[in-house]
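Take a look at the structure set out below.
These figures come from a predicted structure and were not determined experimentally. Naming: A, B, ... by sequence-line order, numbering from 1 per chain.
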Amino acid sequence: MEISEKTYTNARTVSEAMQVALNSGGNFRFIAGGTDVMVNAFQGNDNTVHLIDINRLEELKGIVQDEHYLRIGALTRLDQLKHVDAVKREFPILIEAAQAVGSPLIRRSATLGGNVLCENRCIYFNQSEWWRMAVGYCLKCSGDVCIATGGKKACFSEFASDTAPALISLKAQLLLHEPGGERLVPLESIYSGDGIKPLLLPRTSLVKEILLPRAQHFKSAFKKLRLRESLEFTSLTVAVSKDMQGAARLVLGGVDPKPVLLELQPGESREDIIKTALKKGRAVDNDMFSRAYRRDMIRVYIHQCLNQIDFQS
Amino acid sequence: MKVLTLTVNGTKHQVLAEEHESLAHVLREKIHLTGTKLGCEQGSCGACTVLADGAVIQSCITPAMRLEGSEITTIEGIADSEKLHPLQARFVEYGAIQCGYCTPGMVMSALAFLKENPRPSRDEIREAISGNLCRCTGYKKIIDAIEAYVKDIAGLTEHKAEDPDLKFKMLGHGRPYLEASRKVKGAAEYADDIQIKNALHCKMLRSIHPHARIRAIHTEAAQRLDGVKAVLTGKDLPISFGVLPISQDETAMAVDKTRYAGEIVAAVAAETEAIAEAACKLIRVEYEALKPFFDMEESLNDIGAHEKIHSHTKFNNNVHKKAELRFGDQQKELAGAAHRLKMDFTFQGINHGFTEPHGATAWWDENGLSIITATQVPHYLHRFLAKVLQTPMNRIRVIKPFVGGGFGGKSDPFPHEMIISCLAKITGRPVKVRFNREEVFLTNHGRHPSRISMELGMSNTGEIAVLDADIVIDGGAYGSFGVVTSYYNGVLLQAPYRISNFGFRTYRVYTNKPQCGAMRGHGAVNSRFAVESMLDVLADKLGMDPCELRLKNFLDSDTFTVGQYRITSNGSAQSLNKVMAQSDWKNRYKKLEYGHGYGVACGFFISGSALPIHWNEYPQSVVHLKVDLDGRVLISSGASDIGQGSDTMLAIIVGEVLGLSMDHVFVLAADTLLTPIDLGSYSSRVTFMAGNAAKMAAEQLRAKIMESLAGHFGIDPAELNFAKEQVFTNDRKVNLSWLEAVELATRRVGALNSSGYYNSPKLGGDFKGAGAGLSPSYTFGALVAEVKVDTSSGQVRVLNMWGAHDCGKALNPLAVEGQLEGSWHMGMGQAISEEMRFENGLLLNANFLNYKIPTSLDTPHIYANIIETGDPEGPFGAKEAGEGALHPSIPAIANAIYDAIGIRITALPIRPEDVLAKLKLKQTEEPV
């Protein structure tokens, strides 16, 4: 047997992490909680050679408030959020979303930064190597056909993050550290909509902080479709937040390769909203719940969420 | 590879680890701390939970390299040497430990959580452990234990004076399992925890085709790989086997053709797991695909020019077995019945979901073959190893270590056991195998997917007049227990209700999917669902309370069923009355708001199969007792404790008869070299059969001692009492300690030992099929479920389950409650969330993420009621408690849904989308 070329680096600083990344010949990945990466590695879905552990990067830790933003360090564990007063006060929906992720054990390891970058999922992809060989490899693992749809053009793996829809509804931005410097981008802008490569970010992008605009007095609602109350990825996530002007951002997860964002103006009819959501959310039969049911539930959850925030239609 | 420094439980370790190796692997394989368990390897079960620098993590998905320099605490670091941590002590005391496989992770999760929140509510505890799956307990006793510990640390526990006689209280006093402390410390060794020196590792290559001819297998490249010691294919082990003598249709690996995707085609033994795995990838198999059969209807029909799954089947179809029995003319009776109802039901297959994956190690030495393996049935494995390896039984030893749950899923002899035994012979080295969770699912042997069409006729006054069932069960690729399953689907419907006209026909068909077999409640669970649902419909039709309807129809005690089952003790009515009262049935049923409902159902099951699988006159259970000068009674029994507590049951019986505490009792079990024959842990037979054998052995030992002492003292043997480790006459003229009594008796008889055995009485009618479902005793029970249905999503939430089960006599009430709670929890899983979903023969959800075992948050309040009817032939009146209780739980939930929203459930699992679809249909049919 050949000696494995794999490496694991515990980076101490952002610049060290970047340096290792740039020297790795491209086959690398930053790893934080690892709850996603390690499972994908176990299944043979992630064969990254160089793992760069960022858990020790102080620059990515902590939660601070400035005049305009609540700045949440990317390494904040999902479970920590419920203890943070500023989050409790201004963004309770984020706690609800974070608590909906996985299980209490997962939430103690998984980070907020990692969750928004969570790999897309599909019941035909998140399988062992043997299984994928038996089914005949799908588009997302170098095959030439989508098993879920039979199509050859597009992969419809589901966007799986629960916190991202909530964050997008709250107009979150990401502070990215990249070799060229830092930049601030709206969270929704990093998702491609392509199930094979769902992120538009270069691999060298490191999420440093998640920024939430303060003093917006959001009124929010959150729903996640799952069969059990724990240990579940989403089959449909609906998050909506209404600002002081009565406009709202409605975000769906789990029904498209990217989060589906609808900007709602006060007075917009429910039927129009639902129609648009159903049109934009390209759900396919790649989940334990059927496509038809998930689409039914888009309607139900949008109604329930909009009622909950008193959205005037 | 890199040197990794970790401090584990206070000890510094430097180990050579792979760069991406998981912490769990390092802890288990390199530091040999095997209390950290692997259940899923994907962060979906929590068995591997440990603390790293005080933070709780799942070690199976944590890279070890991350923790360079960290302090790790595993379960082995929780107890203070011999003294349990107080939380561990509560786990033991409260019976929170059954198979013990989830226990270490559960304790670690709870401890981490309690550090954050030392005064949690019960609901917060439920939430805190909802990432840790337990398949045995239904979480109830785990939550109770944590709650008790929380009270302890808050100083709220009232300390009672310890009862000095407690240790002598045997029958009817709840006691923790003998091995509970070992399990809670993570010290109990399961198959994969046992390291045999110099062992090779085995990995399997599995078919990617559901049905294909194997043209050629090219193993040369694999064989050439450094570190590979042997490669086997089907032709190396061509002798067929199968747990039932009548369906020996399986081989260790596919020979000539493969019958399901996942079937083993080749196996490799190599120096490391990684090499074995790499070698499997180098094996090239040439397949010629055949038309696969996935649908059971299709398998019933003539298949034309296509190739059958098995050539031995009678007709040009894939029917494995047709079982049919009729008592009377059902159709005639139905035609004349006042009320006649026909309904169709469909059931998906489910898997046992035990938390410990299969694992085994085999080796050969001067004594022949030894194998340590996670099995419920050492005896049947013993037989089939002899057959397949062509080795006499006296050269084979099967050893059962601690087993992390079985539920029927470890009750067949398995291909991997044959394969490693053969590899060990060829290589001259021990060979070890451990399955991952996907392989466990592919091995399956779970509950058969079924389609049941049932007709019931009833009089105007609510007497059941006739029952006719037409059943098809999907056996998958091989036979397993399927012939028995076929009969049980029908025959176990002839009780608990009086039915004088009864018939059924079951077809078991082969399909190209992993085989089905026996699972808790074997055979009767789905057909019981059909009957209990239909009684609910008929009660509604007649305007009768469904409990009243059932009470009216129950069989009496000491009677016979239409198929000549001898019913002795019968606690049906007590069970039902108990749960009616406890659930406040009369005031709640049909009286709750829309979306909220109550439902009831009853159950019936065997307490041990009266007929052995291999027909012979040998006893079904033997127990030997050996006493030596240390005064300790060694109980030697072949019974397999798989977490249900049978070792403790044996000790209780022997302790009771001889007046001993556990200090003087030692159980040696399930090692075919050292222990006598016992057929194994299946058909709910162990308490009844091994228990009776133990009782007989203990009584004989007592008689021997009495006789010797009577001779010595010149008294009547009957004057002697055995209690509190003393042997004495009432007048205390003879007043010996147990040790003195043993010494005196041994001096007189020379050697002191005894044996007991059990064989079922001759039972049953004189007709073909009369043997199916015969049992020396039967059990009965009832359950009321309360549900809420979210009518916007169709999701069902079970709020409460009040259950009662007639176990004759609870020898160990703590263990019996645990069995009942676990059964109901497992039934709830089949009802609302579990199914094995296939697509083109490929199992879509072979993991704990998408095979949805209810978590602690999904599990309702469970109220367990033990009903004691004192069985005339059971040991001290006891009969089974491990399987029968499951039956009523599923239909009770379905009937509660009807009460809640008026939707009749005819398919399992109860998928929210189906409920929603039915609700919509109802709304269009009956506009509000």
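Both the backbone and the side chain of B:I57 come within contact range of chain A, judged by heavy atoms closer than 4.5 Å. Residue contact with chain A, scored on non-hydrogen atoms closer than 4.5 Å, involves the backbone and the side chain of B:S130 alike. Neither the backbone nor the side chain of B:S856 has a heavy atom closer than 4.5 Å to any heavy atom of chain A. Neither the backbone nor the side chain of B:R911 has a heavy atom closer than 4.5 Å to any heavy atom of chain A. Interface residue B:I832: only backbone heavy atoms are found under 4.5 Å from chain A. The contact between B:E116 and chain A is made entirely by side chain atoms (from C-beta outward), counting heavy-atom distances below 4.5 Å. Neither the backbone nor the side chain of B:A55 comes within contact range of chain A; no heavy atoms are under 4.5 Å apart. Within the 4.5 angstrom heavy-atom criterion, only side-chain atoms of A:V300, from C-beta onward, approach chain B. With a 4.5 Å cut-off on non-hydrogen atoms, B:Y287 does not touch chain A at all. Using a 4.5 Å cut-off between heavy atoms, B:E839 touches chain A through its side chain atoms alone.
Residue B:D858 holds its CG atom at 8.0 Å from CG of A:L227, rounded to the nearest 0.5 Å. Rounded to the nearest 0.5 angstrom, A:Q127 CD and B:N845 CG are separated by 8.0 Å.
With a 4.5 Å cut-off on side-chain heavy atoms, A:W130 and B:E438 count as touching. Side-chain contact between B:I61 and A:F42 is absent, with no heavy-atom pair separated by less than 4.5 Å. Side chains of B:P63 and A:L51 form no contact here, defined as non-hydrogen atoms less than 4.5 Å apart.
Scanning for salt bridge (charged side-chain N to carboxylate O under 4.0 Å, His left out) contacts around A:R77 gives an empty result, with sequence neighbours left out.
The pair A:D53-B:R66 meets the salt-bridge criterion, since a charged nitrogen lies less than 4.0 angstrom from a carboxylate oxygen. One finds no salt bridge joining A:K82 and B:E127 here, because no Lys/Arg side-chain nitrogen approaches an Asp/Glu carboxylate oxygen to under 4.0 Å. The pair A:R56-B:E68 does not count as a salt bridge, with every side-chain nitrogen at least 4.0 angstrom from each carboxylate oxygen.
Across B:E19 and A:K6, no two heavy atoms sit closer than the pair CG-O, 2.9 Å. Nearest heavy-atom pair, A:S290 versus B:E913, reported as atom, atom and distance to 0.1 Å: OG-OE1, 2.6 Å. Scanning both residues, A:I106 and B:Q58, for their nearest heavy atoms gives CD1-NE2, 3.5 Å.
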